[in-house]
Amino acid sequence: MRREIENMRPEVVTANSLKEGDYLAIPRYLPMVEKDVQEFNVGRLLGEIPKDLRDEILIGNNSVKLKHTGRHTAPSLPLIIDVDNDLLWFLGLIIAEGNSQYTNRPVRIRISSNTEFLIKAKEIIKRKFNLEAHLHEKARTLL
């Protein structure tokens, strides 16, 4: 919450408007269920995806892919993905440095970081998803 004269009520503000001395409301306790996950089944996630996006996904016996209307066929991803340290590192990189690009439908994920991390991410993408990512070293971007 932003501290204002005679007013300590919580208020939603953007992070860049915070100043030294402002107060932040945080929970005292966050319950967390600790459970190791060995694999991730994409099929189980479909019920959580908005319907307009769900209609864009094709599920096979062992793979999942986006419907594709362009000149090329869409790549297939494994339906079940093993969860390991590499995958967790990669997901953390996407959260920290990535964004998605789309116009009415998902198109791609873009990660901007230093070249060392992008090369590691490219290797993980190839090994875990059997996809070729495109590294633009001058722009320090992985698509």
Side-chain angles (χ1 to χ4, degrees), residues 1-59 63-143:
M1 74 179 110
R2 187 187 335 212
R3 184 177 185 171
E4 296 178 4
I5 297 174
E6 309 248 347
N7 181 10
M8 291 299 289
R9 297 183 121 185
E11 174 187 350
V12 176
V13 297
T14 59
N16 63 357
S17 71
L18 292 173
K19 296 177 183 59
E20 188 173 330
D22 288 347
Y23 291 91
L24 299 176
I26 59 172
R28 182 177 301 200
Y29 173 74
L30 287 175
M32 183 178 293
V33 177
E34 292 188 30
K35 178 181 174 188
D36 285 341
V37 176
Q38 302 300 319
E39 63 183 28
F40 178 73
N41 186 329
V42 178
R44 291 184 189 161
L45 180 67
L46 289 180
E48 305 298 322
I49 297 174
K51 179 156 177 25
D52 58 331
L53 287 179
R54 208 175 322 139
D55 293 340
E56 297 290 325
I57 299 171
L58 300 171
I59 299 179
S63 66
V64 62
K65 68 179 181 177
L66 294 175
K67 289 181 183 175
H68 192 68
T69 57
R71 294 180 283 144
H72 308 286
T73 58
S76 295
L77 299 174
L79 190 59
I80 297 175
I81 300 168
D82 292 331
V83 176
D84 59 12
N85 287 338
D86 282 342
L87 179 65
L88 298 174
W89 178 89
F90 176 65
L91 294 174
L93 182 66
I94 290 174
I95 290 168
E97 305 287 348
N99 64 54
S100 61
Q101 298 176 315
Y102 59 92
T103 52
N104 299 329
R105 64 186 292 165
V107 177
R108 63 180 159 198
I109 294 173
R110 177 176 54 193
I111 304 170
S112 299
S113 189
N114 67 42
T115 305
E116 174 189 345
F117 291 156
L118 297 178
I119 290 170
K120 180 177 178 179
K122 183 176 179 175
E123 292 168 357
I124 293 170
I125 291 168
K126 179 63 177 170
R127 188 173 61 252
K128 299 294 283 180
F129 306 107
N130 199 28
L131 295 174
E132 289 296 330
H134 303 285
L135 176 60
H136 301 280
E137 286 192 52
K138 284 187 179 181
R140 297 186 331 185
T141 302
L142 184 67
L143 299 172

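Just so you know, these numbers use all the heavy atoms, side chains as well, and skip hydrogens, waters and symmetry mates. Computed from a predicted model, the values in this text were never measured in an experiment.
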[X] to [Y] - nearest heavy-atom pair and separation:
X	Y	value
S76	K65	OG-CD, 3.7 Å
I125	L142	CD1-CD2, 3.9 Å
N16	T14	OD1-OG1, 2.6 Å
H136	L143	NE2-CD1, 3.6 Å
A121	L93	CB-CD2, 3.8 Å
K128	D82	NZ-O, 2.6 Å

Measure the shortest side-chain to side-chain distance between L87 and I124 over non-hydrogen atoms and say whether it is less than 4.5 angstrom. no
Note, W89 side chain near K120 side chain (heavy atom, < 4.5 Å): yes
What is the distance from atom [atom1] of [X] to atom [atom2] of [Y], rounded to the nearest 0.5 Å?
X	Y	atom1	atom2	answer
E97	N99	CD	CG	10.5 Å
I111	L135	CD1	CG	10.5 Å
I80	E39	CD1	CD	5.0 Å

Would you call the rings of F129 and F90 parallel, tilted or perpendicular if under 30° counts as parallel and over 60° as perpendicular? tilted
Do D22 and V13 pass the side chain to side chain contact (heavy atoms under 4.5 Å, CB included) test, and can you show the C-alpha distance, the side-chain angles, and the key distance before you say yes or no? CA-CA 11 Å; D22 288 347; V13 297; over 6 Å; no
